[in-house]
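All heavy atoms count here, side chains included; hydrogens, waters and symmetry mates do not.
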Amino acid sequence: MNLPLITSSLFAFVGYILLFYMLAVIFVYTMMLIIAFIRLTKERKLQKNLTDEEAVDFIYTQPVTVIVPAYNEQVGVLGNIYSLLALEYPEFEILVVNDGSTDETEALVIKQFDMKPLKKVIHQQLDTKPIQAIYQSEIHPNLRLITKENGGKADALNAGINVSKYPYFCSVDGDSMLDRTSLLRVMKPIMESNKEVVATGGNVRIANGYDIQMGQMVREGLPISNIIKMQIVEYMRAFLMGRIALSRFNLVLIISGAFSVFTKKFVLEVGGYSTKTVGEDMELVVKLHKAIGDSDENKEIVFTADPICWTEAPDTLADLRTQRRRWHQGLAESLWLHKTMAFNPRYGLVGLVSYPYFLLLELLGPLIELVGYVYLIISLFMGEVYIMFAGLLGLTFLLYGSLFSMASVLLEAWSRNTFPKIEELISLVLLSLTEVFWYRPLTIIWRVEGIVRALRGKREWGQIKRRGLSEDSE
């Protein structure tokens, strides 16, 4: 037996598999980029201000409950609430759910907004940890604080749903802030669809480095940290390119828990948010898609790029690792919980296209890319033929890991005039070209760790240090 020949043949076979996979990924993302470009071209022609004014009259009878789950959010919760109170929406209530915080979150909210105890009968439609007290603001009657035992973000959201009085609810993270028109615009797809759209997700942007006062953006500007800048690029690629394209065909399996709206009736029918996963936002969306397929109803879950939610991004590698590891673990858990949807024609394009996409490209992609990086390094020591092959594989990595990021930055700048300063645009474009050399390998390793944690059944959120975005929280 010629062992070196067998080893060489096997090595070449693995290389061809990796190359084929990367070319397939590049093809998929190219199609998504084209679809997003066409969609944004159409949206760019709309007169946004006129659209907002018309929408006010159209949805004045559709009140919304805004639910803010808060656990140890003392540095950002006030800015969050100020931004919500400034929302331009005809009728809404704000429920801040203090999920057993051990810091000053509860005391700050009670003091700042003159909260008084409120007696209220709660319709316990979803099981949650006990609610200890409900407070209502004397200054803003539509603002209430719910204090409960710690049960996690999903449990806090379920408690908010139980207390809510309106047919739609919007979940907003405690470290995030909304533009004044965000709620108005994220509700439009639901209202204009004659109730065919049961959930919508908004665009999430990173606000680190911006000047924010009393929950409102005062001055825009890029942060100094390359870690945060790289996350800005990553968010653009995920939201502006990926989710716009998937939404075009009702294939969205993830709408960010930082900013999303749901029809309460359908969420209650599927049992609310699951406490069995660290990715409760994705799990709810997948569960809704499954329920839609099982009932044969013509319902949609969409992403709309225009409404903006500003969020605080991790500013250290340790915190970023915690976040990305948790996100990928949540993806793995959600796909596993609803594995019967995989390649199942009963669920239409969601089962035949969307689920395989998230399984093969999003979940398993980091594993395959990690093998690719190792293969690339080994190829450099295997001789001239393999060096040429390594160069070809490395080129596909560069196309996938950097050029699509650069394209997303340019698409964002063109469609939304995001960067008024040309030097900021150039800075992000140049940084995006370096992604494949340092940032992507790190996130690949962290995402693989998320898969390992999912296999081990560990469901720990992990702690991320908050700095606070708004000046009032300093």
Side-chain angles (χ1 to χ4, degrees), residues 59 61-69 84 87 89 91-97 123 125-128 146 152-174 176 178 182-204 239 243 246-247 250-275 277 279-295 297-307 309 330 334 337-338 350 354:
I59 63 177
T61 58
Q62 304 297 336
V64 178
T65 297
V66 181
I67 304 175
V68 183
L84 298 179
L87 287 171
Y89 197 85
E91 185 177 1
F92 65 99
E93 63 174 349
I94 303 169
L95 302 182
V96 179
V97 185
H123 185 23
Q125 301 174 87
L126 301 171
D127 291 333
T128 69
I146 302 167
K153 182 180 176 181
D155 193 76
L157 287 165
N158 286 337
I161 293 172
N162 285 337
V163 177
S164 67
K165 62 181 180 181
Y166 293 140
Y168 302 96
F169 72 89
C170 173
S171 67
V172 179
D173 281 354
S176 302
L178 300 184
S182 292
L183 185 56
L184 191 66
R185 294 183 178 183
V186 81
M187 279 294 293
K188 279 176 57 183
I190 293 178
M191 298 300 98
E192 294 175 347
S193 71
N194 194 25
K195 300 187 179 180
E196 293 302 314
V197 174
V198 299
T200 62
N203 200 350
V204 178
F239 284 92
R243 296 188 190 178
L246 291 171
S247 180
N250 192 26
L251 299 178
V252 174
L253 288 191
I254 301 176
I255 54 178
S256 176
F259 180 39
S260 49
V261 171
F262 296 90
T263 305
K264 185 166 70 172
K265 169 189 172 185
F266 291 100
V267 172
L268 289 173
E269 287 178 359
V270 299
Y273 288 91
S274 173
T275 57
T277 171
E280 72 293 321
D281 46 0
M282 177 181 180
E283 197 280 332
L284 177 59
V285 174
V286 179
K287 188 161 50 177
L288 285 171
H289 272 300
K290 187 175 187 301
I292 291 169
D294 289 336
S295 63
E297 292 187 87
N298 184 26
K299 302 294 183 183
E300 293 184 56
I301 298 172
V302 304
F303 167 78
T304 177
D306 195 47
C309 170
S334 298
L337 285 173
H338 302 287
V350 172
S354 187

Are the side chain of [X] and the backbone of [Y] linked by a donor-acceptor contact shorter than 3.5 Å?
| X | Y | value |
| --- | --- | --- |
| Ser247 | Val302 | no |
| Thr304 | Val186 | no |
| Lys287 | Gly272 | yes |
| Lys265 | Pro167 | no |
| Ser295 | Ala291 | yes |
| His289 | Leu251 | no |

Would you compute the distance between atom [atom1] of [X] and atom [atom2] of [Y] and round it to the nearest 0.5 angstrom?
| X | Y | atom1 | atom2 | value |
| --- | --- | --- | --- | --- |
| Asn298 | Glu300 | CG | CD | 6.5 Å |
| Phe303 | Thr200 | CZ | OG1 | 10.0 Å |
| Leu87 | Leu183 | CG | CG | 5.5 Å |
| Gln62 | Lys188 | CD | NZ | 15.0 Å |
| Ile161 | Tyr273 | CD1 | OH | 6.0 Å |
| Ile146 | Leu95 | CD1 | CG | 4.5 Å |

Do [X] and [Y] make a side-chain contact, defined as non-hydrogen atoms from C-beta onward lying under 4.5 Å apart?
| X | Y | value |
| --- | --- | --- |
| Glu297 | Phe266 | yes |
| Ile292 | Val198 | yes |
| Val64 | Tyr166 | no |
| Ile67 | Phe262 | no |
| Ser164 | Lys264 | yes |
| Leu126 | Leu268 | yes |
| Phe259 | Ser176 | no |
| Ile254 | Val285 | no |

Closest non-hydrogen contact found for Ser193 with Val197 is OG-N, 2.9 Å
Determine, for Asp281 against Lys153, whether the closest basic-nitrogen to carboxylate-oxygen distance falls under 4.0 angstrom.
-> no
Is the count of non-hydrogen atoms from other residues, nucleotides or ligands lying under 6.0 Å from Asp294 atom CG greater than 12?
-> yes
For [X], run the side-chain contact (heavy atoms from CB on, under 4.5 Å) check against [options] and tell me which one passes.
| X | options | value |
| --- | --- | --- |
| Thr128 | Leu157, Val97, Asn162 | Asn162 |
| Ser334 | Leu284, Leu253, Thr277 | Thr277 |
| Ser256 | Asp173, Asn203, Val204 | Val204 |

If you measure only the distance, is there a donor-acceptor pair under 3.5 Å linking the side chains of Glu280 and Ser274?
-> no
